[in-house]
Amino acid sequence: MSSAAGIAPWSDDQAESARMVRDSAAGFLDVARARALRGTMPGFSADAWREMGALGWIGLLVPEEAGGSGLSMVEMCALAEELGRGLAPEPLIPCVLSAMLLAEAGEREVLAQLLAGEAVVLTAWQDRANTLAVCTDAAATRRFVPMAAGATHVLLPVGDALHLVNARDCEITTEATHDGGHLGTLRPGAGRAIGRADVAAALDRAALATAAYLLGGMESGYAMTLAYLNTRQQFGKIIGTFQALQHKAVDTKLPIALTRAAVEEAAMDPTRAACSRAKARASEAAMIVGQNCVQLSGGIGYTDQYDVGLYLRKAMVLAPAFGGAALHRARFMDLTPETEDA
Amino acid sequence: MSSAAGIAPWSDDQAESARMVRDSAAGFLDVARARALRGTMPGFSADAWREMGALGWIGLLVPEEAGGSGLSMVEMCALAEELGRGLAPEPLIPCVLSAMLLAEAGEREVLAQLLAGEAVVLTAWQDRANTLAVCTDAAATRRFVPMAAGATHVLLPVGDALHLVNARDCEITTEATHDGGHLGTLRPGAGRAIGRADVAAALDRAALATAAYLLGGMESGYAMTLAYLNTRQQFGKIIGTFQALQHKAVDTKLPIALTRAAVEEAAMDPTRAACSRAKARASEAAMIVGQNCVQLSGGIGYTDQYDVGLYLRKAMVLAPAFGGAALHRARFMDLTPETEDA
Amino acid sequence: MNAITPIEPADLNALEDEAFRLHIRAWIEANYPAEIRNPPKRLHWEENKSWYFKLAEKGWLCPGWPREFGGLGLSPTKQIIFTEELERWGCARSNDHGIIMLGPLLIRYGSAEQQQHFLPKILSGEHIWCQGYSEPNSGSDLASLRTSAVLDGDEYVVNGQKIWTTLAQDANWIFLLVRTDPAAKKQEGISFLLVDMNTPGITVRPIINLEMHDEFCEVFFDNVRVPRANLVGQLNKGWDMAKALLSFERIYLGSPRQSAYALTRLRQLAERMGVWEDAVFGQEYARHRADLADLKSLYGRYVEVLKRGQPLGADVSQLKIIQSELFQRITETMMAIAAENAGLMEPMEGNRNLNPAGLYIQARPTSIYGGTNEIQRNIIAKNVLELP
Amino acid sequence: MNAITPIEPADLNALEDEAFRLHIRAWIEANYPAEIRNPPKRLHWEENKSWYFKLAEKGWLCPGWPREFGGLGLSPTKQIIFTEELERWGCARSNDHGIIMLGPLLIRYGSAEQQQHFLPKILSGEHIWCQGYSEPNSGSDLASLRTSAVLDGDEYVVNGQKIWTTLAQDANWIFLLVRTDPAAKKQEGISFLLVDMNTPGITVRPIINLEMHDEFCEVFFDNVRVPRANLVGQLNKGWDMAKALLSFERIYLGSPRQSAYALTRLRQLAERMGVWEDAVFGQEYARHRADLADLKSLYGRYVEVLKRGQPLGADVSQLKIIQSELFQRITETMMAIAAENAGLMEPMEGNRNLNPAGLYIQARPTSIYGGTNEIQRNIIAKNVLELP
């Protein structure tokens with residue numbers, strides 16, 4: 001399949017840098033690895049985590065002087081997209097978020113462990129569902145912390161003030177999620193204040209990276225579906241010859257193209273409005289694309305053994321993560337001045 | 001085309017009575033008649049109007065003791081549906097509404113002229129767009145009076161109090177509508193109080209009859225479209241063989257089937273909730289069906305000379321008449337208790 | 001034993017419809033096991049059999065079968081009321097392929113011996129049936145099926161594979177469509193065969209679906225020997241017999257019950273998530289609500305056809321499309337308002353009424369099974385709209 | 001005469017992009033006739049020609065043509081800016097088939113004589129062209145066209161009928177696809193012919209469309225004699241030449257301008273109808289708004305392709321589908337909130353910004369013309385998704 005949808009508005013340097021990051025993710029494209037980790041605790045591989053550290057991914061957005069790779073959202077989105085293709089269960093995006101915050105606050109020791117893939121620092125920023133607002137109550141129970149069972153540390157924003165807590169000092173309960181991972185509910189223990197950071201700005205980037213992860217997942221699930229349409233036979237014909245299925249396939253392609261356009265534009269200039277628009281599109285598109293791919297795959301699409309369903313399950317978990325479509329669309333609307341169209 | 005969609009929940013007597021009324025409308029099925037009247041003033045035929053009177057249609061819902069036909073909404077909907085097929089421009093539904101109100105208020109003289117098709121009495125009940133509420137200000141300018149240029153009398157509800165005014169005593173301006181008719185804005189002149197009636201209940205029936213008219217229009221436009229799909233050739237094939245067009249045709253059929261189900265159930269027991277649900281469905285479906293029929297008819301569908309467009313134009317005018325889809329859906333919702341589904 | 005034994009009229013058909021409804025309702029409410037109301041997944045025999053035996057003991061297992069075969073011989077109208085009452089109370093669908101599919105087929109096409117042998121064993125719960133139609137390469141195009149049955153002496157030798165066989169692991173008998181004439185045109189070489197699942201050569205392998213449930217199975221046949229007497233109807237005429245039973249499935253799949261159940265759950269979820277009073281949610285809910293009410297009206301028109309004892313036309317496929325897509329849309333709204341809870345495997349807070357992902361996943365295959373919605377649209381295009 | 005004559009650089013290409021944009025913008029704002037901004041319908045030549053001549057006099061009529069043919073020879077990027085500025089100011093599309101379609105085709109495929117004869121007459125406004133491609137039985141399947149041209153001495157004799165010919169009544173020349181080899185396979189017997197509309201035997205009959213506008217015409221050819229010298233390119237190779245120009249049309253039809261224009265009108269209508277602050281309207285508006293912004297992002301990616309001088313792939317058809325369906329959805333929202341005003345033929349209160357029905361009707365054919373959206377989906381399925 002050609003995935004052409006025009007050309008990203010990136011400079012040649014940006015495109016080259018993104019390509020290199022993509023190439024570095026080649027080892028994480030195998031969905032079988034993600035499948036094998038489903039339902040385990042903590043749900044991801046410690047080896048893979050250290051490798052992600054060694055590849056400089058956890059600190060991808062951390063300035064070089066703080067020990068990071070000093071790259072931009074262009075590379076981050078390219079990477080997240082590849083991880084989405086492989087459905088990598090490691091909490092990379094949540095930890096990239098934590099790394100940005102630790103660096104900004106000036107914390108160095110735990111940051112170094114995190115960047116090396118030796119620590120897992122999760123930012124427990126929300127105290128309820130369906131919000132983009134950072135919790136401002138230090139004592140509040142935090143909800144929906146992804147892969148919480150694997151945390152070594154928890155970063156607790158109270159507004160822009162950051163507290164770092166040892167995970168073993170928190171009371172954490174988990175609930176299994178459809179992608180084989182889990183979400184944690186966390187009663188914070190005592191930690192230490194480590195400074196301040198612009199949490200909301202970092203959350204924008206996490207939302208955008210999640211959009212890119214969803215984009216990669218959509219494309220892979222869609223590619224599987226096209227392959228199925230190209231091989232499955234019924235009524236003596238390849239089913240991809242049936243016009244109704246062709247058109248449904250096209251209608252599944254369109255939201256993917258729009259997602260890529262929104263994500264790659266936002267990656268170049270990650271304003272809050274651009275991040276919100278990209279996440280709104282990706283969250284909505286991932287569900288539609290996942291549903292359509294299951295439908296186009298027929299009975300086999302409804303079996304757990306078939307990978308297409310894994311992409312839908314991942315979308316169910318990540319579409320609302322860091323804010324769902326409605327929240328982000330409303331924020332995009334609030335932030336964008338009316339155009340001057342005549 | 002088979003228009004099967006199960007069987008209406010009517011008794012045999014009701015079905016037979018509806019069939020007789022339908023048969024009586026056979027002379028009004030010719031769309032060419034409606035086409036010829038477009039843009040004329042008052043936009044309908046005086047002869048046809050008298051004939052409608054002679055057939056007992058204007059007084060269809062008026063009790064026999066008041067000079068009417070004493071029939072029910074079952075027959076009214078059957079009739080309106082046939083008139084919708086022929087796109088009859090005569091203001092039958094607005095005048096059936098007026099006739100009900102005149103009869104209920106005990107007015108006899110103008111009612112007799114109206115029932116005979118010698119008068120045209122229009123009920124000017126609304127003072128603004130997008131409302132189901134009867135105007136309560138006697139002096140308010142009335143809006144959106146259909147075919148106002150043809151009125152001999154105007155019935156002015158002020159709440160449930162009715163005033164009858166000679167049309168020549170009112171200041172009437174008109175705006176042309178897409179169906180070739182017009183809507184009037186009316187500054188009421190002095191009239192006489194003639195009594196009271198349940199205006200809201202009568203409006204429910206007018207809305208339901210309008211839903212039935214739209215249903216007839218949908219079916220006729222759809223039948224034309226199926227005929228086109230069955231004859232037009234491209235790429236050496238009848239275009240109705242293309243699966244994408246077949247499925248779009250099916251998706252156009254489904255809202256028609258739902259409309260028929262809602263309208264005919266409401267006709268049997270025209271509660272306010274049932275009328276609102278039927279009008280909401282019909283208003284929405286008529287636009288969707290009209291659009292799809294134009295699309296399926298390709299270039300020819302976009303020409304004024306082709307009748308399919310006339311059905312869409314009629315839907316544009318009648319979908320909002322007596323309340324559009326959103327208003328009626330909200331009222332249905334308010335009026336219907338939650339079900340006890342387990 | 002039944003918890004309540006009201007005075008039972010000799011002929012339930014003699015009751016007024018409303019009295020009949022209340023009679024049925026009272027018995028269901030008194031006898032249905034509370035713990036299996038509205039089960040989130042299709043139940044297995046072990047979970048379900050106590051209800052099966054209650055119905056059997058009461059004589060109500062097969063409301064549609066004629067009385068001479070052990071059924072209740074209910075009129076169409078009363079059969080519909082019976083079903084409505086079961087749905088109203090959220091009764092689980094039992095292991096009913098014998099009751100719904102095979103029984104009526106044997107009554108219509110079976111030999112007297114077959115009727116006498118098999119029907120009582122369905123009524124007693126001794127035989128639990130499953131249906132072997134679909135194959136890996138024969139889904140939408142069922143008539144291309146290839147599982148073969150070759151006569152060898154007085155036995156057919158069956159080889160091949162079935163798939164999507166509902167609850168095969170619970171069944172001890174299976175009815176099969178098999179190819180008995182490989183040379184004939186697709187539909188014309190197919191026969192209908194009854195097979196004891198305990199015959200050597202049969203392997204059942206459950207399929208885990210997206211609900212993580214093993215409702216469907218693959219069933220493999222390796223030189224399975226089946227007595228010739230287990231052929232139902234004429235050789236090579238199995239297709240027509242099986243097809244004659246499908247209109248039941250199409251109206252069953254068009255029943256508003258799934259959407260109605262989901263809509264109630266949507267309301268409960270909206271209240272829990274604090275959006276019940278939200279205007280945007282409100283208009284979306286009102287749309288689902290009106291869609292459901294209109295679906296019920298349309299469904300009622302087909303029920304009316306059945307009540308009058310008339311055959312259902314191909315247009316009944318409309319119901320299946322409308323109901324499955326409405327069910328799906330309702331669950332999509334659930335997912336949107338559930339926000340982060342949308343990813344959870346288990347119901348929220350242990351309250352099984354708050355299970356957005358469960359219902360969302362459950363709604364996915366409704367547009368696939370029972371003939372995909374694409375196939376239904378083909379049927380309507382050809383047979384109702386009469387497009388070429 | 002132009003209202004303002006700013007200091008014109010010798011080579012507009014030498015300007016920085018942003019300076020170029022402002023230069024163009026200032027001139028447009030100063031010179032474009034206010035009364036024809038954002039016309040609700042396609043303008044006729046009489047309404048439009050003053051603008052045409054202003055552009056011609058300025059030398060800006062043909063920004064994309066090479067300078068040696070009288071164009072501005074702008075780089076792709078600057079051509080795009082030029083177009084964006086015209087769209088921004090709501091400039092009417094002029095009678096531009098000569099400028100956009102025929103000129104580039106002659107520059108690429110025409111003989112030197114044809115170039116020298118015809119191009120200056122386009123630039124001067126002496127020749128106004130229309131395009132004769134579609135026929136009554138050849139719409140989606142254009143290659144089945146049957147209008148014939150038979151050589152008789154030094155002239156082709158043309159017989160047949162064209163339809164959907166935009167503004168044929170304003171044109172004095174028409175370029176035609178005609179069948180010159182009836183025996184060849186569809187695409188292979190088609191030639192490209194230039195015809196003076198004043199030749200005897202040509203009849204133009206306007207078609208009134210749903211907008212009650214005569215934008216499209218039928219054109220009938222009855223033994224119309226055309227000099228052999230008016231054949232462009234090789235005999236029977238007309239199809240390939242015409243097709244090579246279509247990618248322009250596909251990106252043009254995917255431009256967000258219609259949706260952007262409609263969205264602004266939607267806001268104005270919402271304010272007038274008092275629903276601008278309404279939550280339900282608000283989320284629907286936000287959806288259109290985000291859809292438009294994402295469409296703009298996607299459109300920008302194809303513009304980027306052009307800027308780099310690369311050819312557009314078949315996937316550009318995506319834009320046309322997305323833009324036309326968004327434009328339609330926006331106008332459907334307009335109709336819903338306009339309520340009773342939705343039926344009015346003329347703008348509300350004489351304010352042409354409040355014209356829901358007009359825009360709604362205008363949006364209908366966008367999914368039909370330029371290759372129906374069904375055809376676009378076929379193209380994507382085959383050429384992008386590579387389905388069989």
State, to 0.1 Å, how close Leu312(A) and Tyr360(C) come at their nearest heavy-atom pair, and which atoms those are. CD1-OH, 3.4 Å

Pick one of side chain, backbone, both or neither for [X], based on which atoms fall under 4.5 Å of a heavy atom in chain C.
| X | result |
| --- | --- |
| Tyr302(A) | both |
| Ala129(A) | both |
| Lys248(A) | side chain |
| Leu327(A) | neither |
| Leu318(A) | neither |

Do side-chain atoms of Glu374(C) reach the backbone of Ala244(A) as a donor and acceptor pair under 3.5 angstrom?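 Here the side-chain-to-backbone pair does not exist.
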
Counting C-beta onward and ignoring hydrogens, is there a side-chain heavy-atom pair between Leu210(C) and Tyr306(A) closer than 4.5 Å?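 Heavy-atom side-chain distance check fails, nothing below 4.5 Å.
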
Is there side-chain contact between Asn341(C) and Arg143(A), with heavy atoms separated by less than 4.5 Å? yes

If you check every heavy atom in residues 349-357 of chain C against those of chain A, which residues fall under 4.5 Å? Ala357(C)

Applying a heavy-atom distance below 4.5 Å, give me the residues of residues 211-218 of chain C that approach chain A, sorted by number. Glu211(C), Met212(C), Phe216(C)

Which of the residues Ser140(C), Ala342(C), Ser134(C) is involved in the greatest number of heavy-atom pairs with chain A at under 4.5 angstrom? Ser140(C)

With chain A as the partner, which of Ile207(C), Asn137(C), Ile337(C) has the greatest number of non-hydrogen pairs under 4.5 Å? Asn137(C)

Based on non-hydrogen pairs under 4.5 Å, which of Lys314(A), Met287(A), Gln305(A) is most in contact with chain C?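 Looking at each of Lys314(A), Met287(A), Gln305(A) in turn, Met287(A) comes out on top.
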
Rounded to the nearest 0.5 Å, what separation is found between the [atom1] atom of [X] and the [atom2] atom of [Y]?
| X | Y | atom1 | atom2 | value |
| --- | --- | --- | --- | --- |
| Ile239(A) | Thr372(C) | CD1 | OG1 | 9.5 Å |
| Ile361(C) | Asp304(A) | CD1 | CG | 9.5 Å |
| Leu296(A) | Ile368(C) | CG | CD1 | 9.0 Å |

Of all the residues in residues 227-236 of chain A, which have a heavy atom that comes within less than 4.5 Å of a heavy atom in chain C?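 Expected list: Arg232(A), Gln233(A), Gln234(A), Phe235(A), Gly236(A).
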
Looking only at heavy atoms, which of residues 170-185 of chain A get nearer than 4.5 Å to chain C? Glu175(A), Ala176(A), Thr177(A), His178(A), Leu183(A)

Can you say whether Ser138(C) sits under 4.5 Å from chain A via the side chain, the backbone, both, or neither, judging by heavy atoms?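 Just its backbone gets close to chain A.
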
Would you check, one step at a time, whether the test side-chain contact (heavy atoms from CB on, under 4.5 Å) holds for Gln291(A) with Gln328(C)? CA-CA 10 Å; Gln291(A) 288 163 197; Gln328(C) 292 181 340; over 6 Å; no

Donor-acceptor side-chain pairing of Gln126(A) and Glu340(C) below 3.5 angstrom: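 Checked: Gln126(A)/Glu340(C) side chains pair up, N/O donor to acceptor below 3.5 Å.
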
